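Just so it is clear, the structure is predicted and the values come from calculations on it, not from any experiment. Hydrogens, waters and symmetry mates are skipped; everything else that's a heavy atom, side chains included, is used.
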Amino acid sequence: MKSRADELSVPGLDADSLLRALVAVSADGLAVLDWHGRFAVVNAAAVEVLGLPADDLIGHPAPFPLDDADLAGLRDCRRRAAWLTPDGRRRDLEYRLVPLAGGAYAVWFSDVTDVLRQQERLTAITRAASSVADAGSLRATLDAVANEIVMTTNIAAVQILAIDDPRDELRVLGMAGFGDAADFIERLSACRRLGAHVRFMDAIQNREPVVVLNRKPSILVDPRWAPLHAIMDHPDWDSFVSMPVMVRGRAIGTINAYYVPGEDPGPSSLAFLEAMADHAAIAIDIAAHLARTRSQAQSDERRRLARDLHDSVVQQLFSMRMQAEALRSQVDSADPDPARMRGRAHELAELSQSALADLRGLVFELHPLELAERGLVDAVRAHAASLEARGALAIDVQAPADLEFDLAIEIQEDLYRIVQEALHNVVKHARAHAVNVRVALVDGALTIDVTDDGCGLDPGAERAPRTTLGLVSMRERAERWGGQLFAGPHPAGGWTVQVTMPGAARPAPRTEEATNR
């Protein structure tokens with residue numbers, strides 16, 4: 001006995017015409033709609049896609065609108081419609097309509113939900129990768145990753161947590177969907193003291209995802225989770241997934257995803273979370289690397305300043321002491337020589353003046369920012385003057401008189417350190433007589449060039465004279481703010497270091513009209 005899904009008859013339309021129409025639109029789900037837009041005939045694939053038995057579908061309103069002015073033009077036009085399955089899940093259907101005689105319509109459709117979701121997830125991964133590359137703050141980066149997860153999937157809330165040691169407290173590095181949860185860690189600690197089983201610690205310890213269906217009801221009835229009931233009850237969620245965040249085989253944290261009711265964390269969703277966990281791991285690892293680099297750079301700067309202090313100020317103070325002893329001996333002698341005493345006093349004054357200049361230069365290197373008051377260009381000029389006063393080389397700092405830019409003081413400090421390191425390399429390696437430092441604003445980016453007339457590449461060296469830890473430090477200082485650094489031989493001879501920092505243009509002042517809108 002045939003079911004109504006197998007019948008190929010519609011009033012006013014012969015079976016052959018209907019069959020030809022169905023073949024013409026060829027695809028997975030095939031159906032005929034009556035002139036009211038209700039299912040009249042469905043095939044087996046349509047039943048599977050829509051999730052209802054054939055007998056329940058016949059006479060059921062279809063999700064495909066028939067109120068277009070020119071349905072004949074839809075023959076080659078694919079559109080999308082939404083369908084709610086019996087369990088309340090939304091499915092995205094791609095469909096195509098063909099008008100039939102007698103006011104009926106043939107429709108082909110397929111379920112593209114997973115394809116669309118995968119595309120959205122790939123887009124989210126790309127955006128997250130961009131955030132990892134560009135953001136200067138780890139918390140801002142991982143907040144962005146958490147928000148991408150919430151916006152892209154049927155996930156109500158997300159936490160990105162890190163832990164350095166199982167005995168230590170967790171740290172929240174990113175969060176979305178929870179509203180005000182500033183004291184989450186404190187409340188979680190209270191739950192752990194009450195004996196609550198924290199499943200995401202299992203994910204960290206075992207380095208494997210943890211999936212718990214219907215987790216929310218069990219938490220809200222468990223008194224051991226009472227300190228967190230208010231926070232955990234706020235998002236509309238049901239199931240839970242904890243995905244470990246791995247760095248070189250070690251679990252350093254977890255992404256906790258709280259799924260909306262009716263959304264099961266299937267394989268594709270877990271794969272997406274794993275990809276986002278990889279991006280979180282990259283962000284955390286980069287932040288740790290930058291912290292180590294900054295610490296190493298600070299240590300190197302301290303050692304260099306100590307060396308400079310010993311080589312200049314300490315040596316000069318020793319000479320001053322010797323001159324002072326000699327001058328005292330002249331004063332205490334039975335027959336003092338006024339000319340020799342004036343000479344000693346003159347040498348002593350020159351030494352003290354030179355030592356004072358060097359000491360001021362070193363103090364300025366320790367505290368260049370003064371930048372907030374003097375500005376980056378004047379700070380560079382002051383450092384250049386300090387080097388010239390030591391007789392190192394001639395330095396010409398050029399910048400437009402009306403140069404204005406808008407960069408955070410931390411970025412300006414790193415730019416100053418880059419110039420400082422570049423000039424230090426010139427003094428140490430280049431055997432140069434003169435250096436030009438040019439500061440300019442080009443297409444909204446601040447550009448600084450340090451070019452010397454020195455030896456450029458040393459033919460007897462295995463590598464370029466400036467490819468040292470200092471060059472690595474300069475490049476990392478630029479890249480941590482999204483800038484770029486080039487270092488290499490200048491076409492006219494010598495060596496050039498160029499750093500470009502985007503986003504330096506000052507916003508245009510708001511007009512009165514814009515202010516009053």
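With hydrogens and angles disregarded, no donor-acceptor distance shorter than 3.5 Å links the side chain of S242 to the backbone of N256. Using a distance-only test at 3.5 Å, with no hydrogens or angles considered, no donor-acceptor pair links the side chain of N206 to the main chain of E208. Side chain of H36 to main chain of P61: no donor-acceptor pair is present (N/O by atom type, distance under 3.5 Å, no hydrogens or angles). Between the side chain of E263 and the main chain of I155, no donor-acceptor pair closer than 3.5 Å is present. With hydrogens and angles ignored, the 3.5 Å screen pairs a side-chain donor or acceptor of T254 with a backbone N or O of M243. Checking side-chain atoms of S218 against main-chain N and O of R215 turns up a donor-acceptor pair under 3.5 Å.
Here the side chains of V210 and V241 are not in contact, with every heavy-atom distance at 4.5 Å or above. Side-chain contact between P53 and D56 is present, with at least one heavy-atom pair separated by less than 4.5 Å. The shortest distance between side-chain heavy atoms of T447 and V499 does not fall below 4.5 Å. Residues I255 and V245 are in side-chain contact: their nearest non-hydrogen atoms beyond the backbone lie under 4.5 Å apart. Between T85 and L50, every side-chain heavy-atom pair lies at or beyond the 4.5 Å cut-off. Considering only heavy atoms from C-beta on, V380 comes within 4.5 Å of Y416 through its side chain. In this structure the side chain of V32 never reaches within 4.5 angstrom of the side chain of Y105, judged on heavy atoms. With a 4.5 Å cut-off on side-chain heavy atoms, E94 and F109 do not count as touching.
For the 3.5 Å distance criterion, the side chains of S269 and Y259 qualify, holding a donor opposite an acceptor. For the residue pair D222 and H197, no side-chain donor N or O sits within less than 3.5 Å of a side-chain acceptor on the partner. When only modelled atom types and interatomic distance are considered, D111 and T113 share a side-chain donor-acceptor pair under 3.5 Å.
The shortest heavy-atom contact between G503 and L407 is O-CD2, 3.9 Å. Contact detail for P265 and V211: the closest heavy-atom pair is CG-CG1, 3.6 Å. Taking both residues in full, the closest heavy atoms of A445 and T500 are given as CB-CG2, 3.7 Å, listed atom of the first, atom of the second, then distance. Nearest approach of E404 to L441, heavy atoms of both residues: O-CD2, 3.5 Å.
For V198, the side chain to side chain contact (heavy atoms under 4.5 Å, CB included) criterion is met by L188, R192, F200, M201, W225, not counting sequence neighbours. With sequence neighbours excluded, the residues forming a side chain to side chain contact (heavy atoms under 4.5 Å, CB included) with D233 are K216, L220, listed by chain and number. Here F240 pairs with Y258 under the ring-ring contact (aromatic ring centres under 6.0 Å, His included) rule; sequence neighbours left out. In this structure, the salt bridge (Lys or Arg N to Asp or Glu O under 4.0 Å) partners of R187, at least two apart in sequence or on a different chain, are D183. Residues passing the ring-ring contact (aromatic ring centres under 6.0 Å, His included) test with H60, sequence neighbours excluded: W83. Not counting sequence neighbours, the partners of M246 by the side chain to side chain contact (heavy atoms under 4.5 Å, CB included) test are R207, P244, A251.
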### Candidate pair R477 and L485, rule side-chain contact (heavy atoms from CB on, under 4.5 Å), full reasoning
CA-CA 9 Å; R477 286 184 186 277; L485 185 131; over 6 Å; no
Run the salt bridge (charged side-chain N to carboxylate O under 4.0 Å, His left out) test on R199 and D202 for me, step by step, so that the C-alpha distance in whole Å, both residues' side-chain angles and the decisive distance to 0.1 Å come before the verdict.
CA-CA 5 Å; R199 296 301 306 273; D202 297 340; 3.1 Å; yes
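Classification of the Y95-F64 ring pair by plane angle, with boundaries at 30° and 60°, yields tilted.
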